[in-house]
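Below, chains carry the letters A, B, ... as their sequence lines are ordered, and counting in each starts from 1.
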2 protein chains.
Amino acid sequence: MGITERKERQRAELREHILQVARDMVMKEGFGALSMRKLADAVEYAPATLYLHFENRDAIARELCVRGFQELLAVLEPAATVKDPAQRLSRLAEAYLAFGMENTETYRLIFMEDARLSADLFQDKQEGPGPKSFALLVRACAALQAAGRTLDATPPERLAEVFWAGLHGIISLKLTCSGFQGAPAEALVETLVATLVHAPKPARRSR
Amino acid sequence: MGITERKERQRAELREHILQVARDMVMKEGFGALSMRKLADAVEYAPATLYLHFENRDAIARELCVRGFQELLAVLEPAATVKDPAQRLSRLAEAYLAFGMENTETYRLIFMEDARLSADLFQDKQEGPGPKSFALLVRACAALQAAGRTLDATPPERLAEVFWAGLHGIISLKLTCSGFQGAPAEALVETLVATLVHAPKPARRSR
DNA sequence: AGCAATAAATGAACGGTGTTCAAAGAACGG
DNA sequence: CCGTTCTTTGAACACCGTTCATTTATTGCT
């Protein structure tokens, strides 16, 4: 009886379709412009139908969040394969910056809207794209420490957090306080990396 | 004819009262919960009356923004009087962090909501609280460079931008992605400062 | 004091929002 | 063909920001 199977498939397809259209709306006009009614209009269903597939508007946003973060992770992963720690950090920073500047509304959704939307992303300490991405940075920082090219008294997790916060700060200030930054984001990221990475050989032992 | 004067004063007082109540609402429940109707209710006027004093809801938000930023500036200024550059940077960071963590909704309003709300703050390159605050950081960074305790190849403006972005990143991630950071914000700020400030005497000339 | 002119405040409406639920419709199994 | 089950929806509720003609209050003048 492949009939319930087909129904299930159709149901999943519709759900996917809704998400796709919602994604487009968010990317084009931001999360604030994502309205259940307009979304229902766009997929040619009644508003009430959306609630058969999603608990509410926030549930859609959450789903878009995890997908967006998965994209971010996918962008970071290649950069994380670079051997040289300093260069790796630099490439990670570039990749993160590029993602943020090219998917501004997605970035806003993940990192700058309500905390409840992105809460899920950091829960599964092992599986979620949040911890996975973070782990890439931690490893890079640890490698940098192993090469003696950054603060070695602080745990790599904390260095990674500061690094992430720096990147996030640069991007989010660009997005919200556009008139603030004088220098282009790329230059700021470069300086950020420079503050974190010490010179190759610190002239004998540094202390 | 002190009569028009009195009218003007009463008008200004009402405007002030509205702003005060609006501020309370924002600080308690966030900008999203600031509704013209509830605000009108709270000040015991009809909703339409608010539009005699403010162009629209965003105008109220903008006003709250500049006031919030003035508070931030007022918090930064004492810290900027410290002589020792490294310590000054540290104190500035502490003050900024404290402001952000104690006035979370105000902070969100200024730095994390719509760019149009905070656009004014950075326009007057001389007068506004934005440039004034930024100048404090630039001077601190310049002093740090003069003492030979940070990157000296990069202009102090850029260092200050990266520093600000780092602080902002730490605070805004705490606010929006609470489950993300493992270490307390204070520790992260400390590390941020540490990455920016080099050791007092870099063992002879460092290069 | 009473009246015209001016200023202040508002009620009601418009078009929008998220969400719910009883009712209608379509698809299925017997 | 009918009854059951699943899907879809129209209509409603309670909000929202904003506008504008109308009403209410205040002032200046006779």
Choosing from C:dA13, D:dT9, C:dA9, which nucleotide comes nearest the side chain of A:A48? D:dT9
Indicate, with a heavy-atom threshold strictly under 4.0 Å, whether B:L39 touches base, sugar-phosphate, or nothing. nothing
Distance-only donor-acceptor test (3.5 Å): side chain A:R37, base C:dG16: no
What is the distance, rounded to the nearest whole Å, between atom OH of A:Y45 and atom P of C:dA26? 13 Å
Side-chain atoms of A:H53 come closest, of D:dG10, D:dC16, D:dT8, to D:dT8
Per B:R11 side chain, nearest of listed nucleotides C:dA8, D:dC16, C:dT19: C:dA8
Kindly compute the distance separating CZ (A:R62) from CZ (A:F54), expressed to the nearest 0.5 Å. 11.0 Å
To the nearest Å, how far apart are A:L52 CG and C:dT20 P? 12 Å
For B:L34, answer base if it contacts any base atom (sugar-phosphate contacts may also be present), sugar-phosphate if it contacts only those atoms, and nothing otherwise; contact means non-hydrogen atoms under 4.0 Å. sugar-phosphate
May I ask you to evaluate whether B:S35 reaches the phosphate of D:dG17, defined as a side-chain N or O under 4.0 Å from OP1 or OP2? yes
Classify A:R57 by what it touches in the nucleic acid, base, sugar-phosphate, or nothing, heavy-atom distance under 4.0 Å. sugar-phosphate
To the side chain of B:M36, which of D:dT18, D:dG10, D:dC20 is closest? D:dT18
Taking A:E16 first and then A:R23, would you say they form a salt bridge - that is, a charged N and a carboxylate O separated by under 4.0 Å? no
Once you round it to whole Å, what is the distance between P of C:dT19 and CZ of A:F54? 13 Å
When the distance from CD of B:E8 to C1' of D:dT27 is rounded to whole Å, what number comes out? 15 Å
What is the distance from CG of A:D58 to P of C:dT17, rounded to the nearest Å? 16 Å
Side-chain ion pair, A:E63 and A:R67, N-O less than 4.0 Å: yes
Quick check on ring pair (Phe, Tyr, Trp, His ring centres under 6.0 Å): which of B:Y107, B:F134, B:Y96 does B:H168 satisfy it with? B:Y107
Working to the nearest 0.5 angstrom, can you tell me the gap between B:I18 CD1 and B:L52 CG? 8.5 Å
Look at the side chain of A:Y51 and decide which nucleotide, out of C:dT20, C:dT10, D:dT8, has an atom nearest to it. C:dT20
By the 4.0 Å heavy-atom rule, please label A:T49 as base, sugar-phosphate, or nothing. base
Taking CG from B:L14 and P from C:dA7, how many angstroms apart are they, rounded to a whole number? 17 Å
Closest-nucleotide 5' rank along DNA chain D - winner of B:N56 and A:L50: A:L50
Between C:dT20 atom C1' and A:E55 atom CD, what is the distance in whole Å? 13 Å
In whole angstrom, what separates A:D41's CG from C:dG18's P? 12 Å
